[in-house]
2 protein chains.
Amino acid sequence: MTIKLYCFGESGNAYKAALPLELSGLDWEPVFVDFFHGETRTEAFRQINPMGEVPVMIDGDLTLTQSGVMQMHITEKTGRFGGRDADEVRQVLRWMFWDNHKLSSLAGPARFMANFLPEEKRPQEAVGWLQGRLNSAYKVLDAHLEGRDWIVGDGPTNADFCCCGYLYYPEPFGFDRAEWPNIDRWLDGLAALPGWKHPYDLMPGHPSDRA
Amino acid sequence: MTIKLYCFGESGNAYKAALPLELSGLDWEPVFVDFFHGETRTEAFRQINPMGEVPVMIDGDLTLTQSGVMQMHITEKTGRFGGRDADEVRQVLRWMFWDNHKLSSLAGPARFMANFLPEEKRPQEAVGWLQGRLNSAYKVLDAHLEGRDWIVGDGPTNADFCCCGYLYYPEPFGFDRAEWPNIDRWLDGLAALPGWKHPYDLMPGHPSDRA
């Protein structure tokens, strides 16, 4: 049965699920959600996910929301990406929660407001505040990656797929890879994995669709 | 062996670990972290947690950071609070990730800036932006709790301990229980559990210490 992932190209949170789906070789297909025309606010979408969020994964009878839960589901199905012993499992979860708390939850809105809101509607102080918090997060991640190729252990895990969610996008939101050499090297390493794709190549929808 | 939890009263993220420790009856003790005098920014603290965050849990040889990981560790030790079947386990994780992404990660800074920063240093627009996002989160949680006593299943789980993290505090940050009747009832239900304690009674440190 083909797994369906409700997603759109601009969603780093959807990318966090799409990337391990693709890398694991599971049979999956994207279902485009027209976020920028309000689809996630419709009653029909709320029936699928009352949280009103993308991504949503449908695997047979199962409907999953929250990318972290999807990553753990892919790990359960494939035995991959979850850590190889009890300590690695805990470390992977630790970085998944950290990302949700300190990185993607701030990078998503910062990028959205800085790029996809008309300038007169942009809350500049809020964007600046988010960028300040994000700098602290980049600092923690960059320091952790010093001398490491992967966030946990010696291969890619859900920790990597979480933390990279918003970091490949070209639209500027205050994240400059050149400032963070360890993050930069780690992103290159992830992108060199066989089957890796950029979010805009993995999921339908691109800013130019609205140009 | 007594579990140590590095924490302070004002930290809702620490409360998310302290509450299930207390309710599970595990042998634990708080270790006060003097956050408001910069202890989490010291080199000594970064040696314990390179993420520079409270809480930290030490259980024998194990040092855990991220409250979600601690909650799962308590579940592993006690068999409680994690959900009773595969579906409940996924639902509990779903709300834990949602809380980290959409609720506690915003409520913590909103409350901090609105109450513990001097007014002249307070980024009002950022606080307002956080409050707007938080209102959307309260709405999702309140709607979910309609007709339910607990977030998942028919007893308290880590989902409840996550989402309530910042919701018992008296300092105003834009959350008014009276506006959210289902959240209000659910918080009363949690507070009626045998052994429940308010964050300021469970952990050392209180705003009046700095008065």
Side-chain angles (χ1 to χ4, degrees), chain A residues 13 16 41 46 49-53 57 61-73 76 86-87 89-106 108-110 113 122-133 136-137 139-141 143-144 146 162 165, chain B residues 13 16 41 46 49-53 57 61-73 76 86-87 89-106 108-110 113 122-133 136-137 139-141 143-144 146 162 165:
Chain A
N13 288 315
K16 295 194 261 180
R41 292 192 300 271
R46 297 270 165 167
N49 182 8
M51 287 167 174
E53 296 173 329
M57 183 186 282
D61 292 340
L62 273 182
T63 297
L64 304 180
T65 81
Q66 292 295 316
S67 60
V69 174
M70 297 173 201
Q71 294 180 335
M72 291 169 80
H73 180 66
E76 213 169 279
D87 181 60
V89 168
R90 276 189 295 264
Q91 295 303 322
V92 169
L93 284 165
R94 172 183 177 229
W95 284 98
M96 289 168 71
F97 281 115
W98 178 83
D99 168 70
N100 274 271
H101 202 113
K102 292 285 172 75
L103 181 51
S104 291
S105 53
L106 309 180
M113 296 193 287
R122 200 174 297 159
Q124 294 291 2
E125 189 193 276
V127 173
W129 179 81
L130 287 168
Q131 289 173 331
R133 299 271 292 184
S136 303
K139 198 171 160 182
V140 166
L141 182 59
H144 177 73
E146 175 76 37
C162 257
Chain B
N13 288 316
K16 296 195 261 180
R41 292 193 298 273
R46 297 270 165 166
N49 181 7
M51 287 167 173
E53 296 173 328
M57 182 186 283
D61 292 338
L62 273 182
T63 296
L64 305 179
T65 82
Q66 292 293 316
S67 60
V69 175
M70 297 173 200
Q71 293 179 334
M72 292 170 79
H73 181 66
E76 211 169 284
D87 182 60
V89 167
R90 275 189 295 262
Q91 295 303 323
V92 169
L93 284 165
R94 173 183 176 228
W95 285 98
M96 290 168 70
F97 280 115
W98 178 82
D99 168 71
N100 273 272
H101 202 114
K102 292 285 171 79
L103 182 50
S104 291
S105 52
L106 309 181
M113 295 194 287
R122 200 175 297 161
Q124 293 291 4
E125 189 193 277
V127 173
W129 179 80
L130 288 168
Q131 289 172 332
R133 299 271 295 184
S136 304
K139 199 170 160 184
V140 166
L141 182 59
H144 177 74
E146 175 76 37
C162 256

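So you know, we letter chains A, B, ... as the sequences are listed, proteins then strands, and number each from 1.
Each of B:Lys139, B:Gln91, B:Arg46, B:Met72 has some count of heavy-atom pairs under 4.5 Å with chain A, and the biggest count is that of B:Met72. Your options are B:Glu76, B:Met51, B:Arg90, B:Arg133, and the one with the most heavy-atom pairs under 4.5 Å with chain A is B:Met51. With respect to chain B, the highest number of heavy-atom pairs below 4.5 Å among A:His144, A:Met96, A:Met70 belongs to A:Met96.
Take B:Glu53 and apply the side chain to side chain donor-acceptor pair (under 3.5 Å) test, not counting sequence neighbours, and it matches A:Lys102, B:Gln66. Residues satisfying the side chain to side chain contact (heavy atoms under 4.5 Å, CB included) criterion with B:Leu130, sequence neighbours excluded, are A:Trp129, B:Leu106, B:Pro109, B:Ala110, B:Met113.
Neither the backbone nor the side chain of B:Asp99 has a heavy atom closer than 4.5 Å to any heavy atom of chain A. Looking at A:Leu62, the atoms closer than 4.5 Å to chain B (heavy atoms on both sides) all sit in the side chain, from C-beta outward. In this structure, the portions of A:Val69 lying under 4.5 Å from any heavy atom of chain B include both its backbone and its side chain.
In this structure, B:Trp98 and B:Leu141 have side chains that are in contact, with non-hydrogen atoms separated by less than 4.5 Å. Two residues are said to be in side-chain contact when any heavy atoms from C-beta on lie closer than 4.5 Å; A:Asn100 and A:Lys16 meet this criterion.
The backbone N or O of B:His101 lies less than 3.5 Å from a partner atom in the side chain of B:Ser105, making a donor-acceptor pair.
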